[in-house]
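Everything numeric in this text was worked out from a predicted model, so none of it was measured.
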Amino acid sequence: MKLNPQQAPLYGDCVVTVLLAEEDKVEDDVVFYLVFSGSTLHHCTSTRKISSDTLETITPGHDCCETVKVLLCASKEGLPVFVVAEEDFHFVQDEAYDAAQFLATSAGNQQALNFTRFLDRSGPPSGDVNSLDEKVALAFRHLKLPAEWNVLGTDQTLHGELHDPQTNFEFRTFLFL
């Protein structure tokens, strides 16, 4: 089995193609799954058969940068699940994850958020803005934030009763004004 690509950002949501080696190919009525086994988390994903030797899946989000084992498992009615192949896969931190961390640590700090002027001058082309916004939003959902974290910062006089700022947040507001 060969995975392409062999890495994904921590927040996942990337298409991974699985190229089956000749010895990995099995009968048509078999259902394949990928199990991503990390140091603290294990994810099981379904696959979609593209051809007799190619599968696809969407990578899950993961909790830390690390190399995980990916097991290709097969299931056939009436038989136990069996491992067909295994391969290493890397979860990495990318610039969208870095941006999400920056936003989380800068909550309520107006000076820190002035970096948007820099983005206006040197940021991505306008066609990439939506893509970056989606990636930052995905990355933000995978950050480990304290329960008391709030997008408005720690100044309790800023917090209102109308909404939950931790879950009701649109990144475009800060990134691309």
Side-chain angles (χ1 to χ4, degrees), residues 1-105 124 127-149 151 164-172 175:
M1 159 178 86
K2 178 144 177 75
L3 302 172
N4 186 29
Q6 295 179 328
Q7 68 179 30
L10 284 170
Y11 49 86
D13 204 41
C14 294
V15 174
V16 172
T17 302
V18 180
L19 183 60
L20 301 174
E22 194 60 43
E23 64 271 12
D24 298 337
K25 296 178 187 174
V26 292
E27 302 165 21
D28 282 340
D29 58 345
V30 171
V31 177
F32 288 101
Y33 301 91
L34 288 177
V35 177
F36 294 77
S37 294
S39 58
T40 59
L41 285 180
H42 305 282
H43 315 276
C44 183
T45 64
S46 59
T47 64
R48 181 171 67 115
K49 193 171 197 174
I50 303 301
S51 67
S52 63
D53 65 348
T54 307
L55 308 170
E56 275 186 347
T57 194
I58 304 294
T59 58
H62 198 59
D63 65 337
C64 63
C65 294
E66 69 176 338
T67 299
V68 300
K69 285 285 183 207
V70 177
L71 304 176
L72 175 64
C73 299
S75 172
K76 185 174 180 178
E77 191 172 328
L79 296 175
V81 173
F82 59 97
V83 176
V84 176
E86 80 175 50
E87 183 73 43
D88 285 342
F89 188 81
H90 311 281
F91 283 99
V92 297
Q93 191 165 326
D94 67 356
E95 60 189 22
Y97 196 85
D98 290 340
Q101 282 187 315
F102 175 80
L103 290 170
T105 59
D128 293 337
V129 169
N130 287 336
S131 174
L132 178 61
D133 190 50
E134 289 172 14
K135 288 178 182 180
V136 171
L138 276 170
F140 204 90
R141 283 188 218 117
H142 283 85
L143 290 178
K144 292 179 184 174
L145 299 171
E148 67 278 357
W149 184 89
V151 72
D164 177 4
Q166 184 169 357
T167 57
N168 188 13
F169 181 68
E170 185 172 337
F171 294 95
R172 189 174 290 120
L175 289 176

Would you mind reporting whether [Y] and [X] have side-chain heavy atoms less than 4.5 Å apart?
| X | Y | value |
| --- | --- | --- |
| T45 | P60 | yes |
| L20 | L55 | yes |
| V30 | S75 | no |
| D13 | I58 | yes |
| D63 | F91 | no |
| Q93 | D98 | yes |
| L19 | L3 | no |

Could you go through the side-chain hydrogen bond (donor to acceptor under 3.5 Å, both in side chains) check for D88 and Q6 one step at a time?
CA-CA 8 Å; D88 285 342; Q6 295 179 328; over 6 Å; no

Quick one: does T47's side chain have a donor or acceptor within less than 3.5 Å of a partner on F32's backbone?
yes

Where the side chain of T59 meets the backbone of C14, is there a donor-acceptor pair that is under 3.5 Å apart?
yes

Do you know the tightest heavy-atom contact between [X] and [Y]?
| X | Y | answer |
| --- | --- | --- |
| V136 | A99 | CG2-CB, 4.1 Å |
| A96 | A139 | O-CB, 3.8 Å |
| E66 | G38 | OE2-CA, 3.4 Å |

Do other residues, nucleotides or ligands put more than 12 heavy atoms under 6.0 Å from E56 CD?
yes

Which class fits the ring pair Y97 and Y11: parallel under 30°, tilted 30 to 60°, perpendicular over 60°?
parallel

Residue pairs, two or more places apart or on separate chains, that pass ring pair (Phe, Tyr, Trp, His ring centres under 6.0 Å) and touch residues 39-60
H43-H62

